[in-house]
Asker: 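Take this structure, written in structure tokens, and hold onto it; I'll ask about it next.
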Amino acid sequence: MSTSPVRLVEVGPGDAAFPAWCAVWAAAELADRPDEAPRPVSEHVVLGRQLAEPGTSKDGTHRAAVLGDDVVGALRLIHPVRDNTTVTFVDLAVHPDHRRRGVGRALLAEALALAADAGRTELITEVDEPGPDAPGRLFAQRAGWTCALLETRRDLVLPADEGRLAAVEAEAWQASRGYEVVTWRDHVPDALLADRALLEERMSTDAPHGELPVEEERWDAARIRETEELNVARGRAVLSAGAVRDGRLVAFTDLHVSLGRVEHARQGATLVLREHRGHRLGALVKAAVLRDHATAFPGTRRISTYNLEGNAPMVAVNESLGFVPAGQLSMWSLRRDVLGAP
Ligand SMILES: CC(C)(COP(=O)(O)OP(=O)(O)OC[C@H]1O[C@@H](n2cnc3c(N)ncnc32)[C@H](O)[C@@H]1OP(=O)(O)O)[C@@H](O)C(=O)NCCC(=O)NCCS
């Protein structure tokens with residue numbers, strides 16, 4: 001094993017080293033997917049501020065791996081505080097020019113120690129896998145993590161095929177008589193806020209989570225508004241569509257557009273309450289948000305979505321809309337005591 005004289009330094013969004021910390025992420029993302037713009041810096045800065053601010057739904061901390069004067073690795077830990085209080089979410093990247101020298105290993109050891117200090121026993125991380133043998137997968141396997149969830153990424157190249165979209169809409173409208181479609185941007189209407197919180201809670205229990213060590217999340221109106229404000233501050237527009245029956249929101253879908261890179265949008269959560277399934281509401285709200293999105297952001301060239309392969313209804317909706325496979329996203333977990341770590 002190579003040893004490296006790397007120093008691990010605490011950083012935060014107000015620090016002089018933070019732009020270099022963000023640049024490690026940009027370089028790592030470009031190495032994995034050279035034809036896609038990396039996340040804008042605003043994403044990291046605003047999340048970093050939220051993690052430092054007391055009273056929000058997440059705490060967290062950042063470390064930079066520094067070699068000489070250069071930041072060569074980036075670590076972010078996120079600790080949910082309202083639920084899942086045994087879990088630490090780990091984001092870890094090493095600059096492509098400094099890999100295979102133990103920097104990732106050093107940051108991971110630090111993550112384990114910090115998780116222990118925070119009283120957390122379960123660690124979760126995610127790896128983008130454009131193709132086979134992604135470095136993150138090989139690293140996680142080597143470090144003893146377990147792949148707990150494997151999702152297929154599917155991309156829809158825009159503009160969407162009008163014939164396909166119209167066919168999905170026609171079928172959905174037919175099957176969903178009695179339901180009304182509503183759309184909104186960034187902030188759910190007050191009248192639907194409590195229902196939106198319930199749907200978010202259901203996302204944490206009803207959407208497939210594989211073997212991830214996560215429990216039901218606790219959502220209320222205030223947490224929905226906190227998340228909405230965070231997205232606005234991050235420079236994201238969130239376009240949403242919902243299905244309403246008897247004045248109650250029973251299904252929703254979110255589509256995230258980063259204003260710094262509108263060319264590539266990402267599908268957020270989609271959920272239909274159990275008791276309202278079988279009416280093509282998933283297709284209904286997805287088609288509605290695609291219509292709104294085409295009007296609001298004609299510059300978007302691609303939308304990415306992530307599904308567990310076993311989630312047949314969602315995969316079928318996406319394929320009927322023209323989404324095609326574009327790699328995988330894997331989620332990995334590790335129990336701290338498995339390694340006998342501190
Ligand atoms: C994954 C990542 C953080 C590894 O960083 P790193 O500094 O190269 O990792 P290390 O040098 O500490 O590697 C530790 C061990 O992991 C394994 N490993 C890491 N990268 C590997 C690769 N590309 N191929 C095969 N094995 C690899 C090796 O066993 C390595 O030990 P060795 O070099 O002594 O054989 C880096 O590739 C990266 O930033 N990838 C993109 C972001 C990402 O996927 N993050 C998720 C991390 S869980």
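Both ligands and their constituent atoms are indexed starting at 1 by order of listing. None of these values were measured; they are calculated from a predicted model.
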Asker: Using distance alone, decide if ligand 1 has a nitrogen or oxygen within less than 3.5 Å of any nitrogen or oxygen in Arg99.
Answerer: yes
Asker: Give the atoms of ligand 1, by number and element, whose distance to some non-hydrogen atom of Val103 is under 4.0 Å.
Answerer: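 Per the distance check, 7 (O), 12 (O).
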Asker: Give the atoms of ligand 1, by number and element, whose distance to some non-hydrogen atom of Gly136 is under 4.0 Å.
Answerer: 1 (C), 44 (O)
Asker: Given side chain to side chain donor-acceptor pair (under 3.5 Å), test His79 with Thr88 step by step and report yes or no.
Answerer: CA-CA 5 Å; His79 295 136; Thr88 295; 3.0 Å; yes
Asker: Counting only heavy atoms, tell me which of Arg101, Arg105, Arg100, Arg142 gets closest to atom 26 (N) of ligand 1.
Answerer: Arg100
Asker: Would you say ligand 1 has an N or O under 3.5 Å from any N or O of Ala140?
Answerer: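 No: no nitrogen or oxygen of Ala140 is under 3.5 Å from one in ligand 1.
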Asker: Apply salt bridge (Lys or Arg N to Asp or Glu O under 4.0 Å) to Glu226 and Arg223, showing your working.
Answerer: CA-CA 5 Å; Glu226 177 196 323; Arg223 189 167 172 187; 5.8 Å; no
Asker: Relative to the heavy atoms of Ala93, which atoms of ligand 1 are at a distance of less than 4.0 Å?
Answerer: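 Atoms satisfying the 4.0 Å criterion: 39 (O).
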Asker: Please work out whether any backbone atom (N, CA, C, O) or any side-chain heavy atom from C-beta onward of Val94 is under 4.0 Å from ligand 1, and answer side chain, backbone, both or neither.
Answerer: both
Asker: Does an N or O from Gly104, backbone or side chain, lie closer than 3.5 Å to an N or O of ligand 1?
Answerer: yes
Asker: For ligand 1, which atoms sit closer than 4.0 Å to a heavy atom of Gly102?
Answerer: 10 (P), 11 (O), 12 (O)
Asker: Give me the one residue out of Arg234, His187, Gln50 that meets side chain to side chain donor-acceptor pair (under 3.5 Å) with Glu229.
Answerer: His187
Asker: Does atom CZ (Arg248) have a neighbourhood of more than 12 heavy atoms from anything else shown, all under 6.0 Å?
Answerer: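 Atom CZ in Arg248 is not packed in, count stays at 12 or less.
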Asker: Looking at Arg261 and Glu36, does any basic side-chain N land under 4.0 Å from a carboxylate oxygen?
Answerer: no
Asker: Using a strict 4.0 Å threshold on nitrogen-to-oxygen distance, state whether Glu215 and Arg82 make a salt bridge.
Answerer: no
Asker: Looking only at N/O atoms, are Leu92 and ligand 1 under 3.5 Å apart anywhere?
Answerer: yes
Asker: Kindly indicate whether a cation-pi arrangement holds for Lys286 with Phe323, taking the cut-offs as under 6.0 Å to the six-membered ring centre and within 45° of the axis.
Answerer: yes
Asker: List every atom of ligand 1 that sits less than 4.0 Å from any heavy atom of Thr125, numbering the atoms from 1 in the order shown and giving each element.
Answerer: 48 (S)
